[in-house]
2 protein chains.
Amino acid sequence: MDTAYAYSVLMSIKHGLLALLAPGPKYGYQLKAEFEAATGSAWPLNIGQVYSTLQRLEKGGQIEADGVPDDDGRVVYALTPSGRAELADWFGSPIAQESRPRDELAIKLAMAVSTPGVEAREVVQAQRSQAMSSLQSLTRLKVTVPEEDLARVMVIDSLIFAVEAEVSWLDRCEARLRKARTTQTPEKEAVQ
Amino acid sequence: MDTAYAYSVLMSIKHGLLALLAPGPKYGYQLKAEFEAATGSAWPLNIGQVYSTLQRLEKGGQIEADGVPDDDGRVVYALTPSGRAELADWFGSPIAQESRPRDELAIKLAMAVSTPGVEAREVVQAQRSQAMSSLQSLTRLKVTVPEEDLARVMVIDSLIFAVEAEVSWLDRCEARLRKARTTQTPEKEAVQ
DNA sequence: CGACACATGTAACACGTTACATGATTTG
DNA sequence: CAAATCATGTAACGTGTTACATGTGTCG
């Protein structure tokens, strides 16, 4: 293999489509619909992206067009053994911590505290109020989806948990910043 | 602008480098070192990527090479007004919820529950034990960095908070799955 | 000398994203 | 008929990632 990325390889869509193809062959529009039925309101999926991804999956030998277009011009794709293997591997092994994208917010705050002229606490507060408002829309959204729809509920929960964690983290940062200012530079704030 | 992405635009490195250039001109290796000094052990930065990104920033008019290579072949880059403006905008506005990458784990679990033949609870448990072990390494790592090093402490905290939230979420998913199995299909598990 | 760190750079690729073109079918 | 929806596809770009080439300086 030449494609051995050490971390930060995003393949959510690819794997998601593979999973949707597991029960049986499907076509593009159907995949978009089913993908959004589960992860839906959270992460809409541009239809163009479905076809791009299908193309790349076919090129990679993980899926193949099921013969000719079906009854009415719809092109149906099916998993190949290779694709089925990759899917099994995806489900079978946990997602590595190192394979996750860099957290832009963490980087931003790290940079904010070490960049002169930037008030890190303002950054924290702006982010916090934004997080609180998304928390509200998420809880509003959650009551609209029935408990039985496991996939959707779980996805929304994951967003809620992530935002809540972000708020807690921001609060801790606030505390750290407050403490650092009062202990380190007691009267430096008077300057300028 | 032609580049108006609606969501999922990753620009952590770009903005990170811009921030590092704010105090004054710097060269590639130095930027790598300083970037890792803050976000360090969490997200190492390939040196090649620094040069790629610098090149793209220069092409985009956000930075420019400071005349000739300095005393010893080192090429120093500085912010342009445009770059400074973009940086101010980055610090000044919160990171949008929609601009975050899709959570692969959430998608995976959503797919797991709707894919026949896949035991979602096994996926949950595998992920959970992996999360617990990364939580351990993170807490081990945290004690090695001094409290005064705000940036690094905050970055590690952000990882810890994220993993803790993941564990809580996984536990909730476990509960939901257990409940769904006992209420929905009481004896279906006997089949096959 | 040989190994290693410092330093710059390029080429190639994978993935995500959108804009655009094209047609068939349905429906007010 | 016109508009909306269904359906497929392509071209282009931005960002992240790595592998590789190249050279300098230092130190055992």
Side-chain angles (χ1 to χ4, degrees), chain A residues 1-18 26-36 39 43-62 65-66 68-77 86 98-104 107, chain B residues 1-18 26-33 35-36 43-62 65-66 68-77 86 98-104 107:
Chain A
M1 282 287 159
D2 201 3
T3 64
Y5 290 97
Y7 56 99
S8 261
V9 197
L10 299 178
M11 305 222 316
S12 312
I13 300 179
K14 256 187 157 171
H15 284 134
L17 294 187
L18 283 183
K26 286 170 189 151
Y27 59 92
Y29 238 74
Q30 198 176 355
L31 289 169
K32 173 201 157 81
E34 292 191 14
F35 189 96
E36 289 189 342
T39 75
W43 302 298
L45 185 57
N46 187 298
I47 179 65
Q49 178 122 30
V50 175
Y51 294 109
S52 307
T53 308
L54 286 175
Q55 205 172 292
R56 286 164 186 172
L57 280 170
E58 189 173 27
K59 189 176 145 206
Q62 280 120 11
D66 224 20
V68 291
D70 88 335
D71 296 28
D72 209 44
R74 291 182 288 203
V75 182
V76 177
Y77 287 92
E86 176 153 347
E98 318 87 47
S99 84
R100 296 181 197 199
R102 293 181 177 82
D103 182 347
E104 184 169 0
I107 291 177
Chain B
M1 284 288 157
D2 200 7
T3 63
Y5 290 96
Y7 55 99
S8 261
V9 197
L10 301 179
M11 305 222 314
S12 313
I13 299 179
K14 256 187 158 171
H15 284 134
L17 294 187
L18 283 184
K26 284 169 190 151
Y27 60 93
Y29 238 74
Q30 197 177 357
L31 289 168
K32 173 200 157 82
F35 189 95
E36 289 189 341
W43 303 297
L45 185 57
N46 187 299
I47 179 64
Q49 178 122 29
V50 175
Y51 295 108
S52 307
T53 309
L54 286 175
Q55 205 172 291
R56 286 162 186 174
L57 280 170
E58 189 172 28
K59 189 176 147 205
Q62 280 121 11
D66 224 20
V68 292
D70 88 335
D71 295 27
D72 208 43
R74 291 181 289 203
V75 182
V76 177
Y77 287 91
E86 175 154 347
E98 319 87 49
S99 84
R100 295 180 199 202
R102 294 180 176 82
D103 182 346
E104 184 170 359
I107 290 177

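Each chain gets a letter, A, B and so on, in the order the sequences are listed, and its residues count up from 1. Side chains included, hydrogens not; waters and symmetry mates left out as well; all remaining heavy atoms used.
- With rounding to whole Å, E58(B) atom CD is found 13 Å from dT8(C) atom P.
- The closest donor-acceptor contact from the side chain of E36(B) to the backbone of L45(B) lies under 3.5 Å.
- Checking S12(A) against I47(B), the closest nucleotide of DNA chain C that is more toward the 5' end is the one next to I47(B).
- Atom pair L54(A):CG and dG16(C):C1' shows a separation of 14 Å (rounding to whole Å applied).
- Contact annotation: the side chain of W43(B) approaches that of I107(A) to within less than 4.5 Å [non-hydrogen atoms, C-beta and beyond].
- With distances taken from any side-chain atom of I13(A) to the nucleotides dT15(D), dG16(C), dT18(C), the minimum falls on dG16(C).
- Side chains of H15(B) and E86(B) form a contact here, defined as non-hydrogen atoms less than 4.5 Å apart.
- Between dT17(C) and R102(B), a contact under 4.0 Å exists linking OP1 or OP2 to a side-chain N or O.
- In this structure, OH of Y27(B) is placed 13 Å from C1' of dT24(D), rounded to the nearest angstrom.
- Although no hydrogens or angles enter the test, the distance criterion places no donor-acceptor pair under 3.5 Å between the side chain of K14(B) and the main chain of T53(B).
- Side-chain N/O atoms of Y51(B) include none lying less than 4.0 angstrom from OP1 or OP2 on dT10(C).
- Side-chain contact between L31(A) and L54(A) is present, with heavy atoms from C-beta onward closer than 4.5 Å.
- When the C1' atom of dT8(C) is taken as reference, atom NZ of K32(B) falls 14 Å away, rounded to whole Å.
- Proximity of Q55(B) to the phosphate of dT10(C): a side-chain N or O atom is located under 4.0 Å from OP1 or OP2.
- Set against dA7(C), dA11(D), dA14(C), the side chain of Y29(B) has dA7(C) as its closest nucleotide.
- Considering only the side chain of Q49(B), dT17(D) comes nearest among dA14(C), dT17(D), dT15(D).
- What separates NZ of K14(A) from C1' of dA14(C) is a distance of 7 Å, to the nearest Å.
- Atoms CZ (R56(B)) and P (dT17(D)) sit 11 Å apart, rounded to a whole Å.
- When distances run from any side-chain atom of Y77(B) to the nucleotides dA7(D), dA7(C), dG9(C), the shortest one goes to dG9(C).
- We find that CG of N46(A) is positioned 18 Å from P of dA12(D), with the value rounded to whole Å.
- Atom CD in E104(B) sits roughly 12 Å away from atom C1' in dC15(C) (whole-Å rounding).
- For S52(B), taking side-chain heavy atoms from C-beta onward, the closest of the listed nucleotides dA14(C), dA11(C), dG16(D) is dA11(C).
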